[in-house]
Amino acid sequence: MYGDNVDTDVIIPARYLTTTDESVLAAHALEDLDPSFASSVQEGDVVVAGANFGCGSSREHAPVALKGAGVSAVVASSFARIFFRNAINTGLVVMACPEAVAATEPGDAVCVDLAKAEVRNETKGIAWKPEPLPEFVMDIVRAGGLVPWTKGRLESQRS
Amino acid sequence: MAQTITEKILARRAGRTDVEPGEIVMCKVDLAMANDVTAPAAVTAFNKIGAPRVWDRHKVALVASHFAPAKDIASAKLMTRMRAFAIEQEIEHFFDVGRGGIEHILLPEEALVLPGEIIIGADSHSCTYGALGCFSTGVGSTDLAAVLATGEIWLRVPESMKIVYSGRPGRWVVGKDLILSVIARIGDDGARYMAMEHTGEGIAHLSMDSRLTLTNMAIEAGAKSGIIPPDARTFGYIAERQEATGRHSELEPLHSDPDAAYAQTLEVDVDAIEPMIAKPSLPSRAVPVSEVERMKVDQVFIGSCTNARIEDLRIAAHVLGEEVVAPHVRLMVIPATQRVWQQANAEGLLERFAAAGAAVSTPTCGACLGAHMGVLGPGEVCLSTSNRNYVGRMGDPTAQVYLANPAVAMATAVAGAIVHPDEVRPDVIELEGALVG
Ligand code: SF4
């Protein structure tokens, strides 16, 4: 669990931007904010954070690093828009739900269902229904990200 | 229906008569930009999409800026990938080392961004171009790849925040101080997802260089874009840039309707604004310089896409006068582009900085993102003219970064500690009609 304004410089510092290798990026995810993150994060973990998550630089290395580290989803009170787009485009699940953030404590088991637009805190047995993503954006998610979505679009234009 | 300038631009490029905030539209893009950090990943995604050619090789700009000139083998490889793509796709606007600089200062200078257009850049500070009256925003590499393949992008029409500036900037006050005081007021996400529209007589007094600083930092308030409706000064600037570069295209400027709807309106009294300084580690922690204690600094950085234009360097040189940099301070001066560098050189500014003890470099983002040319060590304190002072931004996570305008930066370099420019240089000069120094 992290606070407000977790920026992309702490998610993946610029000194690692000379690589696009997911595993290298993953090893340094969040290191300036939480040096133990990369070693303690477990496959499928959900990151919970405050407002304006992912603010700052447009580096797509940020969602890629989190995903590479095993993070399955980020639930935050709100997201910075470029990070949000990048997450959708690269297949990291993101959900804005301030109520869930307020009620969750470190170590709680949290799960996110994008299709149902639902966040559940299994430890506390509470579920929330935040505002679903626009249909258009869900289309991109269902296609598996922007690359397959655009590919499909170009193919249908050609045929 | 009454519309804002942003809504009108998006509607026109979506082939519609009007659009409403919140709806998602597909828009045609006038220019797509990527740099050495974002282009390689965009190229990978572009290849996965499988389009054989970019949609229009005349509408793509690739710029070596962040790690340029290559700082190590890894960054050299990134640039090689970008260069190979530029050659293979016959990209018209490829700016390599020695011919370009930092994209956000470069593209307006090269007359490649014009009023009424849509510019999509794979860099968060792509919002800068809005100072010329276009819609411009930053995206990631995959979004950019889709634009390269199709020439289109999906956009959620943003709500607009209207910021009305009254009055006239006083001594030492430039665009940087206006935007820092706005961010201090509304917070780091105060304009999240919105278009910040800067208007009012206070804007009329601002030079183009200052206006570009104003829109540059829209992202530091979480905004999608920043925009300044084009006026006589904008058109004068564009005419001059078109003349200098030989790039002449028709302009299609748009303006907000007087009765357009805004999600929020903010009034700013420019007369009351003092030179500002943002304390570590958020831009919103900005206060007037006079309220900050004399903090000893280890490094001063005058550079970045926020404040490394010719006006910034002239102000810095004026504050410097015949003084020298304080013995314990390292001053880095990095002009933003090749043209700015040449102009500053012709005016004798670079020589003056060097004689005072500054390290003057070739254009690069460099120190701004802690890449090279002035990375901070543990516990060091730096005053930077850039736009971000996040933890670890300029190097070690324990280093502290303060943000301010070039006058405050140079005064601090001379005094060795954070001071108001008045302390170093009491006399004033006039640049482009503003009492900036
Ligand atoms: S100067 Fe700094 S903020 Fe501007 S584009 Fe370069 S790294 Fe980004």
Side-chain angles (χ1 to χ4, degrees), chain A residues 4-10 12-21 24 31-33 35 50-53 55-64 77-91 134-137 139-140 145-155 157-158, chain B residues 22-24 37-38 40-42 44-46 48-51 66-67 71-75 77-78 121-126 137-143 145-146 149-150 154 156 158 187-189 192-193 219-220 222-224 281-282 284 369-371 375 388 390-397:
Chain A
D4 292 347
N5 300 311
V6 173
D7 62 80
T8 53
D9 273 294
V10 298
I12 187 73
R15 56 187 179 273
Y16 305 119
L17 296 184
T18 49
T19 182
T20 47
D21 184 326
V24 178
E31 102 182 354
D32 285 353
L33 180 68
N52 206 24
F53 188 90
C55 63
S57 153
S58 68
R59 59 191 69 158
E60 215 160 89
H61 313 67
V64 170
S77 308
S78 64
F79 288 91
R81 61 162 283 279
I82 302 180
F83 180 88
F84 192 83
R85 280 186 84 112
N86 288 346
I88 299 286
N89 289 344
T90 55
E135 242 330 275
F136 183 91
V137 177
D139 265 352
I140 298 175
L146 189 69
V147 165
W149 184 84
T150 306
K151 199 172 176 174
R153 207 168 148 246
L154 282 177
E155 276 160 13
Q157 276 170 4
R158 258 181 248 128
Chain B
E23 68 173 311
I24 289 174
V37 170
T38 56
T44 305
F46 176 83
K48 279 193 203 150
I49 291 170
H66 281 55
F67 299 148
K71 72 182 182 78
D72 53 18
I73 296 169
S75 54
K77 284 184 185 162
L78 292 178
D123 188 275
S124 62
H125 288 100
S126 302
T137 193
V139 296
S141 297
T142 304
D143 266 320
T150 64
W154 70 268
R156 180 187 168 279
D188 299 281
D189 62 349
R192 211 163 44 85
Y193 284 85
I219 181 75
E220 271 64 58
K224 179 172 209 153
S281 299
L282 284 172
S284 63
L369 78 162
V375 178
R388 287 186 179 140
Y390 301 149
V391 170
R393 172 71 181 180
M394 290 185 71
D396 192 88

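Every chain is numbered from 1, with letters handed out A, B, ... down the list of sequences. Scope of the values below: all heavy atoms of this structure, side chains included, with no hydrogens, waters or symmetry mates.
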Contact winner vs chain A - B:Arg388, B:Glu220, B:Lys48, B:His125, heavy-atom pairs under 4.5 Å: B:Arg388

Part of B:Ile49 lying under 4.5 Å from any heavy atom of chain A: both

Heavy-atom donor-acceptor pair, A:Glu60 side chain to B:Thr142 backbone, under 3.5 Å: yes

Min side-chain heavy-atom separation A:Thr20-B:Thr44 under 4.5 Å: no

Interface residue of largest heavy-atom contact number with chain B, from A:Thr19, A:Val64, A:Asn86, under 4.5 Å: A:Asn86

Nearest heavy atoms of A:Asp9 and B:Val391, plus distance in Å: CB-O, 4.4 Å

Contact winner vs chain A - B:Gly50, B:Gly370, B:Ala146, heavy-atom pairs under 4.5 Å: B:Ala146

Side chain proximity check, A:Asn5 to B:Tyr390, heavy atoms < 4.5 angstrom: no

Evaluation steps, side-chain contact (heavy atoms from CB on, under 4.5 Å), between B:Leu78 and A:Leu17: CA-CA 10 Å; B:Leu78 292 178; A:Leu17 296 184; over 6 Å; no

Contact class of B:Lys71 relative to chain A, heavy atoms under 4.5 angstrom: side chain

Contact class of B:Arg393 relative to chain A, heavy atoms under 4.5 angstrom: both

Under 4.5 Å from a heavy atom of chain A, the part of B:Leu282 involved: side chain

Heavy-atom side-chain contact between A:Asn89 and B:Asp143 under 4.5 Å: yes

Taking every non-hydrogen atom, the tightest pair across B:Tyr193 and A:Phe79: CE1-O, 3.4 Å

Contact winner vs chain A - B:Asp72, B:Val375, B:Ile73, B:Leu369, heavy-atom pairs under 4.5 Å: B:Leu369

Close side-chain approach of A:Ser78 and B:Asp189, heavy atoms under 4.5 Å: yes

B:Ala45 versus chain A, the contacting section by heavy-atom distance below 4.5 Å: both

Proximal component of B:Ile219, with respect to chain A [non-hydrogen, under 4.5 Å]: side chain

Residue A:Pro13 versus chain B: region with a heavy atom under 4.5 Å: neither

Proximity breakdown for B:Ala371 and chain A, heavy-atom pairs closer than 4.5 Å: neither

Heavy-atom contact with chain B under 4.5 Å, split by part of A:Ile140: side chain

B:Arg192 (side chain) donor-acceptor with A:Ala80 (main chain) under 3.5 angstrom: no

Separation of B:Arg156 CZ from A:Arg85 CZ (nearest 0.5 Å): 11.0 Å

Closest heavy-atom pair and its distance - B:Ala51, A:Leu154: CB-CD1, 4.1 Å

Heavy-atom side-chain contact between A:Val137 and B:Ile24 under 4.5 Å: yes

Donor-acceptor pair, side chain of A:Asp32 and main chain of B:Gly392, under 3.5 angstrom: no

Proximal component of B:Thr38, with respect to chain A [non-hydrogen, under 4.5 Å]: side chain

Verdict with reasoning, A:Arg81 to B:Thr137, per side-chain contact (heavy atoms from CB on, under 4.5 Å): CA-CA 10 Å; A:Arg81 61 162 283 279; B:Thr137 193; 2.9 Å; yes

Contacting region of A:Phe84 [heavy-atom separation from chain B under 4.5 Å]: side chain

Closest non-hydrogen atom pair, B:Asp123 against A:Ser58: CA-OG, 3.2 Å

Interchain contact, B:Ser126 with chain A, by part (heavy-atom threshold 4.5 Å): neither

Interface moiety of A:Thr8 toward chain B, non-hydrogen atoms closer than 4.5 Å: neither

When B:Gly395, B:Ser141, B:Gly187, B:Ser75 are compared by non-hydrogen pairs under 4.5 Å with chain A, the top option: B:Ser141

Heavy-atom pair with the smallest gap, counting every atom of B:Ser124 and A:Gly56: CB-O, 3.5 Å

Any donor-acceptor N/O pair, A:Arg15 side chain to B:Asp396 backbone, under 3.5 Å: no

Residue, of A:Val10, A:Leu146, A:Ile88, A:Leu33, that accumulates the most heavy atom pairs under 4.5 Å with chain B: A:Leu146

